Amino acid sequence: MRIKLDRTMCDGFGTCAVHAPNTFSLDEWGYPSLVGGGDIAEEDQNGVKRALLDCPAHAILSLDEPTPIPAGGEAGISRSAGPDSLWEHLPVHNAVPKNGPVG
């Protein structure tokens, strides 16, 4: 996992250092710096992912390729039904005509 910290986006909340103290250090004003070059050790990845999701300023960027989500669900979760079958149980009167709503 590789990340980048955009300090110009950061507002100094410090949540990154709470979640991943081995990856982020805070200066005397509460603004973070990356410890190391942005390559995250496997044992620190869960905390860094949490920091990435919880950063209110979205100042942490993942440089990895996004994991594709297979059709029909989240990655790693298999489903027997395809995405279209979710709507097959709806009554006909709830269906929207192909030409748009009537009325």
Side-chain angles (χ1 to χ4, degrees):
M1 176 180 198
R2 283 189 45 82
I3 63 167
K4 177 183 176 185
L5 174 66
D6 186 348
R7 292 182 55 132
T8 63
M9 300 266 306
C10 180
D11 287 332
F13 289 95
T15 54
C16 53
V18 171
H19 292 304
N22 293 336
T23 304
F24 300 96
S25 65
L26 300 179
D27 65 14
E28 62 266 23
W29 295 286
Y31 286 89
S33 294
L34 274 178
V35 176
D39 292 315
I40 308 302
E42 188 168 333
E43 62 268 15
D44 295 330
Q45 288 186 8
N46 286 340
V48 170
K49 288 177 184 175
R50 186 80 259 162
L52 195 149
L53 292 172
D54 285 354
C55 177
H58 304 286
I60 306 166
L61 307 171
S62 173
L63 300 179
D64 293 339
E65 292 291 323
T67 303
I69 297 175
E74 297 179 24
I77 298 175
S78 63
R79 295 184 183 184
S80 59
D84 291 338
S85 66
L86 297 173
W87 307 106
E88 291 175 356
H89 70 281
L90 290 176
V92 174
H93 64 272
N94 283 346
V96 177
K98 289 184 179 181
N99 296 337
V102 177

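In this text the structure is predicted, and so the values were computed from the model without any measurement.
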Please report, to 0.1 Å, the donor-acceptor pairs under 3.5 Å made by any side chain of residues 14-23, with sequence neighbours excluded.
unit_1: His19; atom_1: NE2; unit_2: Asp54; atom_2: OD2; d: 2.9
unit_1: Asn22; atom_1: ND2; unit_2: Asp44; atom_2: OD1; d: 3.3

Rounded distance [0.5 Å steps], SG in Cys55 versus CZ in Arg50: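 That separation rounds to 12.0 Å.
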Spatial distance of atom NZ (Lys4) from atom CE (Met9) [nearest 0.5 Å]: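 Going from the NZ atom of Lys4 to the CE atom of Met9 covers 10.5 Å.
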Please output the side-chain donor-acceptor pairs of residues 30-40 that fall under 3.5 Å, not counting sequence neighbours, one pair per line with the distance.
unit_1: Ser33; atom_1: OG; unit_2: Arg7; atom_2: NH1; d: 2.7
unit_1: Asp39; atom_1: OD1; unit_2: Arg2; atom_2: NH1; d: 2.7
unit_1: Asp39; atom_1: OD2; unit_2: Arg2; atom_2: NH1; d: 3.4

Whether over 12 other heavy atoms sit under 6.0 Å from Glu42 CD: no
Set of residues satisfying side chain to side chain donor-acceptor pair (under 3.5 Å) with respect to Asn46, sequence neighbours excluded: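 With neighbours one apart ignored, the set is empty.
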Side chains of Lys49 and Met1 in contact at under 4.5 Å (non-hydrogen atoms): yes
Close side-chain approach of Ile3 and Leu61, heavy atoms under 4.5 Å: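 No, every pair of side-chain atoms sits at 4.5 Å or beyond.
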N/O donor-acceptor pair under 3.5 Å between Asp11 side chain and Phe13 backbone: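 Absent.
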Leu53: hydrophobic cluster co-members (side-chain, 4.5 Å): none
